[in-house]
Protein chains: 2
Amino acid sequence: MQQDLKSEITKQTILNESFKLFYENGFKTTSVDKIMKATKLTKGAFYHHYKNKKELGLAVISLKLEKRVCEGMILPLYTSGNPLEILEATFLERLKSFPIYDKQHGCPMNNFINEIGDLEIAYQIALRNIIEDWKAALILLIERGKSENTINKNISSNAVAVYLISAFEGIRGIRKLYDNDDILEEYIAGLSLYLKQLKA
Amino acid sequence: MQQDLKSEITKQTILNESFKLFYENGFKTTSVDKIMKATKLTKGAFYHHYKNKKELGLAVISLKLEKRVCEGMILPLYTSGNPLEILEATFLERLKSFPIYDKQHGCPMNNFINEIGDLEIAYQIALRNIIEDWKAALILLIERGKSENTINKNISSNAVAVYLISAFEGIRGIRKLYDNDDILEEYIAGLSLYLKQLKA
DNA sequence: TAAAAAACATACCAACTAGTATTTTTTCAT
DNA sequence: ATGAAAAAATACTAGTTGGTATGTTTTTTA
C-alpha cells in the first residue's frame, strides 16, 4: 500500500479505537496497550505515529470530539426557520437519536471535561475550544431570533446559550445513573418550558 | 486510646484523605497506596477497615458526597420565605462560596457520576440516591411555591427540578476549562432569568 | 496479669503502566 | 535493482496497581 495512505489509515484506526475505549472506560484508565490490542497493531506503530499518550488525547479531542459536537449540536443550528423551534428540535432530536450505549456512557466530551479538564492546560484549551464554538453558534441563532422578533430582546443571548449547554451536559451525565429514560423526559419537559419562556 | 474510638478515627481519616485525593485526581487513578501515604498509615490498616477499594468508594459516596450535597444544596431549601428567592439564593450562594480550588476541580459528585456512573450498579445506585434526594427537596419547595401562589401552577415541578440540577452540575464541569468566572456569571444570569420566568 | 482479639505494619505478588531501544518489514526514490 | 527511509514488530525497563500473607503492637477481657 502507498506509504502516506497507509500512515493515514493507521493514525485513523488508532484514533477511532482510542475514542471508543476512552468513551467506554475513560482516558486515564485506558492504556496504550489496550488501544493497540484493539487496533491489532503493536506499540511500535503507536509510538511511531504519536509522541505520547497526551498527544493522542489531544488528537482525540480536536479530531473526534470536536467533529461529534459539531455535527450533532452545531451544524443543525444553521438551518433556516424559527430559531426557538430549531433549538428545541436540535436538542430534542439529539437526545432521541442516542442508542442505549450512548445514554449509558454519557457525553464523550463531558466525560473528558470532567476527567481531565483540570489536569493540564493543553486539554483545557482543546476542550474549551469546542464549548466556545458551540456557544458562539447558539448565540448567533438566538441573536437572529431577536432580530426577527421571535425571541425576547431583553434576555442575554450569552446567558441562555450557557444555560442550554450546561443543562444538556449535566443531564448527559446524570442519565448514566438510571436504567430508563424518565429523567431524560423530565429534562426535555424542562427544556421545552425554558424555550417557551424566551418567546418575544 | 480506646479501641472503638481509635478504629472510628482511622476510618474517618482514610475517608477524608480518600475524598480529597479522589476529588483532585479521580477515583480510578487514586491508588490505595497513595491514600495510605496521605494518612501516614499503611496498607495493613486499610484492608483491616475496608474490604476493598470498591467498598471505600461506596463509603465516600454515601458518607462524604451525600453530606456535602445535603449541607450545601438541600438543607438551605428548607428555609421559610419565598421559594423562588430561596432557590436563587441557594444556587447563587453555593457558587459564590466556592474557593478557586473547588472551581478548578468541579463538583465531587458530578466527577464521580461521570467517571464511574457507568462502571458498576452499586456506584450507580449510591450516586442516584443523592440526586433523588436533591430532586425531591427541590420539588417540595416548588410545590410549596405553587400552593402559595408565588410559582406558576402550570409548570411541571419535576421538570424544573431536573433542569435546575442538570444545569448546575453541567456548569460545575464546564467551569474547569476556564481560568476566570465569566462563564459562571453567564450561568448565573441564565439561572436568574429562568427562575424569574417561573413566577406565578 | 495472661491470653485473646483488634489494630496496624511489613513484605510480597502477579498484572499492568507509559515509554524506550532495537530489530525486522515494507515502501520509496534513484 | 538497491540503498535509504518510513512503518511496524519485538523485547525490554522501571515504576505502579489492587490485593494477600504474615508478622508485630496495642487494647480488651476474663
Side-chain angles (χ1 to χ4, degrees), chain A residues 1-61 112 115-116 119-123 126, chain B residues 1-61 112 115-116 119-123 126:
Chain A
M1 199 195 299
Q2 205 182 322
Q3 205 166 61
D4 53 350
L5 176 66
K6 190 178 180 183
S7 173
E8 188 55 33
I9 287 176
T10 298
K11 271 164 95 172
Q12 282 297 326
T13 306
I14 293 173
L15 222 49
N16 290 336
E17 295 297 334
S18 298
F19 170 81
K20 193 186 159 213
L21 289 171
F22 291 163
Y23 185 32
E24 291 174 7
N25 310 313
F27 174 71
K28 291 193 215 165
T29 44
T30 298
S31 66
V32 175
D33 278 319
K34 283 180 200 158
I35 294 168
M36 296 318 286
K37 190 160 280 179
T39 63
K40 291 180 177 171
L41 293 167
T42 61
K43 229 166 186 179
F46 179 84
Y47 283 99
H48 179 74
H49 290 283
Y50 295 94
K51 206 179 86 195
N52 48 35
K53 199 186 165 187
K54 178 180 168 181
E55 191 177 283
L56 172 68
L58 290 172
V60 167
I61 293 172
F112 263 81
E115 188 185 354
I116 59 171
L119 190 64
E120 284 227 29
I121 315 167
Y123 296 131
Chain B
M1 199 195 297
Q2 205 180 321
Q3 204 165 62
D4 52 351
L5 175 68
K6 191 179 182 184
S7 173
E8 189 55 34
I9 286 176
T10 298
K11 272 164 96 173
Q12 282 296 327
T13 305
I14 294 174
L15 223 49
N16 289 337
E17 295 297 334
S18 297
F19 171 80
K20 192 184 161 214
L21 289 170
F22 290 163
Y23 185 33
E24 291 173 8
N25 310 312
F27 174 71
K28 291 192 216 166
T29 44
T30 298
S31 66
V32 175
D33 278 320
K34 283 180 200 157
I35 294 167
M36 296 317 288
K37 191 161 282 180
T39 62
K40 292 178 177 173
L41 293 166
T42 61
K43 230 167 186 178
F46 179 84
Y47 283 99
H48 179 75
H49 291 283
Y50 294 95
K51 206 179 87 197
N52 49 34
K53 198 186 166 187
K54 179 179 168 183
E55 191 177 282
L56 172 67
L58 291 172
V60 167
I61 293 172
F112 263 82
E115 187 184 354
I116 59 170
L119 190 66
E120 285 227 28
I121 316 167
Y123 296 130

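Below, read A as the first sequence line, B as the second, and so on, with proteins coming before strands; counting in each chain starts at 1.
In this structure, B/Thr42 reaches the bases: a heavy-atom distance under 4.0 Å links it to at least one base atom across the strands shown. Using a 4.0 Å heavy-atom criterion, one finds that B/Tyr47 contacts the bases of the nucleic acid, with or without backbone contacts as well. Within the nucleic acid shown, A/Lys34 comes within 4.0 Å of sugar-phosphate atoms alone, with no base atom in reach, counting heavy atoms only. Here A/Thr30 lies in heavy-atom contact (under 4.0 Å) with sugar-phosphate atoms only.
Within a 6.0 Å radius of NZ in B/Lys11, no more than 12 heavy atoms belonging to other residues, nucleotides or ligands are found. More than 12 heavy atoms of other residues, nucleotides or ligands shown are found within 6.0 angstrom of CG on A/Leu5. Atom NZ of A/Lys20 sits in a sparse spot, with 12 or fewer heavy atoms from other residues, nucleotides or ligands closer than 6.0 Å.
Each of A/Gly44 and A/Thr29 was matched to the nucleotide of DNA chain C holding its nearest heavy atom; the match closer to the 5' end belongs to A/Thr29. Comparing B/Phe27 and A/Leu41, the nucleotide of DNA chain D nearest to each residue sits closer to the 5' end for A/Leu41. Mapped onto DNA chain C by nearest heavy atom, A/Asp33 and B/Lys43 fall at different nucleotides, with B/Lys43 at the one closer to the 5' end.
Between B/Phe112 and B/Phe22, the angle of the ring planes goes over 60°, which puts this pair in the perpendicular group of the 30/60° scheme.
Of the possible donor and acceptor atoms, one in the side chain of B/Thr13 sits under 3.5 Å from a partner among the backbone N and O of B/Ile9.
On the nucleic acid side, DNA chain C contacts chain B at distances under 4.0 Å to non-hydrogen atoms, with the end points of that region at C/dA6 to C/dT10. Extent of DNA chain D lying under 4.0 Å from chain A heavy atoms, first and last nucleotide in 5' to 3' order, is D/dA6 to D/dT10.
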(message) Between B/Val32 and B/Met36, does the side-chain contact (heavy atoms from CB on, under 4.5 Å) criterion hold? Intermediate values first, please.
(response) CA-CA 6 Å; B/Val32 175; B/Met36 296 317 288; 4.1 Å; yes
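Contact of the A/Ile35 side chain with the A/Leu56 side chain is registered, since non-hydrogen atoms from C-beta on lie closer than 4.5 Å. A/Asn25 is not listed as a side-chain neighbour of A/Lys34, based on a closest heavy-atom distance of 4.5 Å or more. Counting heavy atoms from C-beta on, the side chains of A/Lys28 and A/Leu119 come closer than 4.5 Å.
Using a 4.0 Å cutoff on non-hydrogen atoms, the parts of residues 1-18 of chain B near DNA chain D are B/Met1, B/Gln2, B/Gln3, B/Lys6, ordered by number.
Within the model, atoms CG of B/Asp4 and NZ of B/Lys6 stand 12.0 Å from one another, a figure rounded to the nearest 0.5 Å.
Remark: A/Lys53 is not positioned above the aromatic ring of A/Phe46, lacking an NZ or CZ atom under 6.0 angstrom from the ring centre and at most 45 degrees off the axis.
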